[in-house]
Student: 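Take a look at this one; I'll ask things after.
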Amino acid sequence: MDFSSLLLKWYSENARDLPWRSTSDPYRIWVSEVILQQTRVAQGLSYYYRFIERFPNVESLAKAPLDDVMKAWQGLGYYTRARNLQLGAQQVVAEYHGKLPGNYQELLKIKGLGPYSAAAIASFAFGQAVPALDGNVYRVLSRVYGIFTPINTASARKEFFSLASELISPKEPAKFNQAIIDFGAMQCTPKSPACLTCPFSDYCYAYLNNLVSRLPVKEMKNPPRNRYFYYFMLRHDKFTYIRRREERDIWHSLYEFPLIETDQQLTDSELALLIEDSDLFKDSGIKVLHISNPVRHPLSHLTIWATFVIASITRPTYHLKKSFKRVLAVKVQEEYSLPRLIDGFMAAEPVARYFINPK
DNA sequence: AAGACGGGGTA
DNA sequence: TACCCAGTCTT
């Protein structure tokens, strides 16, 4: 049997039962594809349910406040996805009469949809025969066909797209795309794949040549750099100060406490000097109550070392009033979308709980 | 073509 | 730890 037939046979026995597969609503498929960009099904599932409940259709998403969208996305990561998903919804309302366009080329014009997602939606929602190449597909094809081109290059994209275009079942493109993704996620896994029960073991290049652990080939990336964050959890009566991150940087559109970033870890006395010198706190009557140990927060491209300073002030400075929002400290976690680093610290650290609700 | 952009699961 | 996940966007 050829590749596609074996694959579809495997899928008929092993398909995952996923909520976005039991709908024909292009909007739901769209939401699921964006959530699942660089995100495992297990991690995205609960977000999908909540997102669809909160924003059941294109219109509701398009007109929602950005903060509501971000709150629904809080904890998922790659927050540009959330902003672009809403921008895409507004785009669909404005330019496509509220209906997602039904072909690959038009879908590519929607904010947040690249080659993978556009192909996935085109095939799943509209039955177009376009291969959807994600990490799973690169892995499966590189192993079965013995392709050593590094998968994170432009030439690999062309090469795999061309191969997959020949393999895809013209009659059942959606099923083919879903099948090869499931096969990669469940059977042909990155580490210790289930080769002994694999339907392709008769002719899989990697298996026959004992190269399974060497494929796919990926070009190395640079090690993450360090950044040092000092967060100030200020208490002025029942209030504290936060702001939404608007610059081109991580955590765009999420909220945070006043932040001072340095290029290296500070000693306590260096930190004291910094507080004294900063016009953020000039004449604020700041009194430091607690300094946390540095919290290590590793991300894919950088490592953040965060120190949380809990302090009281007797009056807010001009700078504080100008650039920050004054909010009830007890409401910060439930009302605002926060990076995991901050949300996690507030949830786990006893001193932070004291900050939230002092006795 | 290369970096930036999160967070969590897995071996 | 290190790797990788239903990738996209910017420079």
Side-chain angles (χ1 to χ4, degrees), chain A residues 15-16 18-21 29-48 70 73-85 87-88 107-125 131-140 150-158 160 164 174 176-186 188-193 213-225 227 245 247-254 296-304 337-344:
Chain A
R16 289 181 287 187
L18 300 169
W20 46 86
R21 285 183 180 167
I29 294 169
W30 178 15
V31 170
S32 76
E33 287 309 329
V34 175
I35 285 178
L36 293 172
Q37 287 166 6
Q38 290 290 285
T39 304
R40 290 167 200 279
V41 167
Q43 189 188 355
L45 207 46
S46 65
Y47 283 87
Y48 172 80
M70 299 313 294
W73 209 268
Q74 172 181 335
L76 240 198
Y78 285 147
Y79 297 95
T80 301
R81 289 184 295 172
R83 291 198 310 134
N84 281 341
L85 184 54
L87 289 174
L107 286 164
L108 271 179
K109 298 178 183 170
I110 306 294
K111 207 74 167 150
L113 299 186
Y116 164 76
S117 303
I121 297 170
S123 67
F124 299 162
L133 270 44
D134 73 339
N136 294 301
V137 179
Y138 283 110
R139 186 170 57 255
V140 171
I151 60 174
N152 50 344
T153 60
S155 72
R157 216 179 74 69
K158 293 166 79 173
F160 282 85
F176 176 92
N177 280 336
Q178 285 169 346
I180 192 167
I181 289 170
D182 269 17
F183 182 76
M186 302 165 69
C188 195
T189 52
K191 304 236 169 100
S192 42
S213 64
R214 310 276 298 269
L215 285 169
V217 176
K218 211 166 184 177
E219 281 185 348
M220 285 288 295
K221 49 174 185 270
N222 296 327
R225 72 178 197 283
R227 293 176 70 175
R245 291 177 65 91
E247 59 277 6
R248 252 200 333 259
D249 199 358
I250 56 169
W251 302 331
H252 193 288
S253 303
L254 299 193
R296 184 170 168 276
H297 190 70
L299 304 175
S300 48
H301 60 298
L302 59 90
T303 299
I304 295 171
S337 49
L338 306 168
R340 289 292 279 181
L341 170 65
I342 296 176
D343 193 43

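Order of the sequence lines sets the chain letters (A, B, ...), proteins ahead of strands, with each chain counted from 1. These numbers come from the heavy atoms of this one structure, side chains and all, not from hydrogens, waters or symmetry mates.
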Student: Between C/dC4, B/dG6, C/dC3, which nucleotide gets closest to the side-chain atoms of A/Ser300?
Tutor: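 Nearest listed nucleotide: B/dG6.
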Student: Which of these nucleotides, B/dA4, C/dC9, C/dT1, is closest to any side-chain atom of A/Arg296?
Tutor: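 When the side chain of A/Arg296 is considered, C/dT1 is the closest of B/dA4, C/dC9, C/dT1.
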Student: Side chains of A/Tyr78 and A/Thr39: does their closest heavy-atom pair fall under 4.5 Å?
Tutor: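 No, too far: nothing below the 4.5 Å cut-off.
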Student: Are A/Arg81 and C/dC9 close enough that a side-chain N or O sits under 4.0 Å from OP1 or OP2?
Tutor: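 It does not, given that no N or O in the side chain of A/Arg81 lies less than 4.0 Å from OP1 or OP2 of C/dC9.
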Student: Name the residue closer to the 5' end of DNA chain C, choosing between A/Ser32 and A/Lys111 according to the nucleotide with the nearest heavy atom.
Tutor: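 Closer to the 5' end of DNA chain C: A/Ser32.
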Student: Can you list everything that forms a ring-ring contact (aromatic ring centres under 6.0 Å, His included) with A/Trp251? Sequence neighbours excluded, please.
Tutor: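 In terms of ring-ring contact (aromatic ring centres under 6.0 Å, His included), with neighbours along the sequence ignored, A/Trp251 is linked to no residue.
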Student: Tell me: CG of A/Leu36 to P of C/dG7, nearest whole Å?
Tutor: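 After rounding, the reported distance stands at 8 Å.
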Student: Pick the nucleotide of DNA chain B nearest each of A/Ala42 and A/His252; which residue has the one closer to the 5' end?
Tutor: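 Whichever sits nearer the 5' end wins; that is A/His252.
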Student: At less than 4.0 Å, is any side-chain N or O atom of A/Gln38 found next to OP1 or OP2 of C/dG7? Yes or no.
Tutor: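 For C/dG7, OP1 or OP2 has a side-chain N or O of A/Gln38 closer than 4.0 Å.
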Student: Would you kindly give the NZ-to-C1' distance between A/Lys218 and C/dG7, to the nearest whole Å?
Tutor: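 Nearest whole value for this atom pair: 11 Å.
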Student: Given side-chain hydrogen bond (donor to acceptor under 3.5 Å, both in side chains), test A/Ser117 with A/Gln37 step by step and report yes or no.
Tutor: CA-CA 8 Å; A/Ser117 303; A/Gln37 287 166 6; 2.9 Å; yes
Student: Given side chains that start at C-beta, do those of A/Ile35 and A/Trp73 come closer than 4.5 Å, heavy atoms only?
Tutor: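 When only atoms from C-beta onward are counted, A/Trp73 and A/Ile35 do touch, with a gap below 4.5 Å.
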Student: Check every strand shown and say whether A/Gly44 touches a base, only sugar-phosphate, or nothing at a heavy-atom separation below 4.0 Å.
Tutor: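 Nothing, no nucleic acid heavy atom in range.
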Student: Provide, to the nearest angstrom, the distance between the CG atom belonging to A/Leu254 and the P atom belonging to B/dG6.
Tutor: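 Those two atoms, CG and P, are 8 Å apart.
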Student: May I ask you to evaluate whether A/His297 reaches the phosphate of B/dG7, defined as a side-chain N or O under 4.0 Å from OP1 or OP2?
Tutor: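 Yes, A/His297 has a side-chain N/O under 4.0 Å of OP1/OP2 on B/dG7.
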Student: Could you state the CG-P distance from A/Leu302 to B/dA4, rounded to the nearest angstrom?
Tutor: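 Distance check: A/Leu302 CG to B/dA4 P gives 8 Å.
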Student: More 5' along DNA chain B: A/Ala154 or A/Tyr79, using each one's nearest nucleotide?
Tutor: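 Taking each residue's closest nucleotide, the earlier one in sequence belongs to A/Ala154.
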Student: Measuring from the side chain of A/Gln37 (C-beta onward, heavy atoms only), which nucleotide among B/dC5, C/dT8, C/dA6 has the closest atom?
Tutor: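 When the side chain of A/Gln37 is considered, C/dT8 is the closest of B/dC5, C/dT8, C/dA6.
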Student: Between B/dG6, C/dA6, B/dG7, which nucleotide gets closest to the side-chain atoms of A/Arg21?
Tutor: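 Among B/dG6, C/dA6, B/dG7, the one nearest the side chain of A/Arg21 is C/dA6.
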Student: Taking the side chain of A/Asp134 as its heavy atoms from C-beta onward, which of C/dC5, C/dT10, C/dG7 lies nearest to it?
Tutor: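 Looking only at side-chain atoms, A/Asp134 lies closest to C/dG7.
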Student: Which nucleotide sits closest to the side chain of A/Tyr78: C/dA6, B/dA11, B/dG6?
Tutor: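 Per side-chain heavy atoms of A/Tyr78, the pick is B/dG6.
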Student: Side chain of A/Asn222 only, please: which of C/dA6, B/dG3, B/dA11 is the nearest?
Tutor: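 Nearest to the side-chain atoms of A/Asn222, counting from C-beta on, is B/dG3.
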Student: Please state whether the phosphate of B/dG8, meaning OP1 or OP2, lies under 4.0 angstrom from any side-chain nitrogen or oxygen of A/Arg340.
Tutor: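 So the side-chain polar atoms of A/Arg340 do come within 4.0 Å of the phosphate oxygens OP1 or OP2 of B/dG8, strictly under.
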Student: Once hydrogens and angles are ignored, does a donor-acceptor distance under 3.5 Å link the base of B/dG7 to the side chain of A/Thr39?
Tutor: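 Answer no: no donor N or O sits under 3.5 Å from an acceptor.
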Student: Please compare A/Leu108 and A/Pro216 by the position of their nearest nucleotide in DNA chain C and report the one closer to 5'.
Tutor: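 Comparing both residues, the 5'-ward one is A/Pro216.
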Student: Quick check for you: among C/dT8, B/dC5, C/dT11, whose closest atom lies nearest to any side-chain atom of A/Tyr116?
Tutor: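 Nearest nucleotide to the side chain: C/dT8.
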Student: So, does A/Trp20 get its side chain near the phosphate of C/dA6, meaning an N or O under 4.0 Å from OP1 or OP2?
Tutor: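 For C/dA6, OP1/OP2 do not have a side-chain N/O of A/Trp20 under 4.0 Å.
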Student: Below 4.0 angstrom from OP1 or OP2 of C/dT11, is there any side-chain N or O of A/Arg248?
Tutor: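 Result: yes.
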Student: Answer with base, sugar-phosphate or nothing: what part of the nucleic acid does A/Ile35 contact at a heavy-atom distance below 4.0 Å?
Tutor: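 No contact.
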Student: Starting from C1' on C/dC4, measure out to CD on A/Gln43 and report it in whole angstrom.
Tutor: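 Distance, rounded to whole Å: 12 Å.
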Student: Does A/His301 put a side-chain nitrogen or oxygen below 4.0 Å from OP1 or OP2 of B/dC5?
Tutor: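 So the side-chain polar atoms of A/His301 do come within 4.0 Å of the phosphate oxygens OP1 or OP2 of B/dC5, strictly under.
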Student: Give me the distance, rounded to whole Å, that separates B/dG6 from C/dT10 when you measure between the P atoms they each carry.
Tutor: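 Comparing P positions in B/dG6 and C/dT10 gives a spacing of 14 Å.
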Student: What interatomic distance, in whole Å, is found between C1' of C/dA6 and the corresponding atom of B/dA11?
Tutor: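 About 22 Å, rounded to a whole number of Å.
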Student: Side chains of A/Tyr48 and A/Val34, heavy atoms from C-beta outward: is any pair under 4.5 Å?
Tutor: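 Not in contact.
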Student: So for A/Arg225 and B/dA4, does any side-chain atom that can act as donor or acceptor lie under 3.5 Å from a complementary atom in the base?
Tutor: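 Per atom types, no contact qualifies.
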Student: Is there a donor-acceptor pair closer than 3.5 Å between any side-chain N or O of A/Arg81 and the backbone N or O of A/Gly112?
Tutor: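 Side chain of A/Arg81 to backbone of A/Gly112, a donor-acceptor pair under 3.5 Å: no, none is there.
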Student: So what does A/Ile181 touch, heavy atoms closer than 4.0 Å: a base, only the sugar-phosphate, or nothing?
Tutor: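 Base: the residue A/Ile181, judged by heavy atoms under 4.0 Å, touches a nucleobase.
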Student: At under 4.0 Å, does any side-chain N or O of A/Ser117 touch on OP1 or OP2 of C/dT8?
Tutor: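 So the side chain of A/Ser117 is within the cut-off, an N or O lying under 4.0 Å from OP1 or OP2 of C/dT8.
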Student: Taking atom CZ as the centre, does A/Arg157 end up with more than 12 heavy-atom neighbours from other residues, nucleotides or ligands that are less than 6.0 angstrom away?
Tutor: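 No, because the 6.0 Å sphere around CZ of A/Arg157 holds 12 heavy atoms or fewer from other groups.
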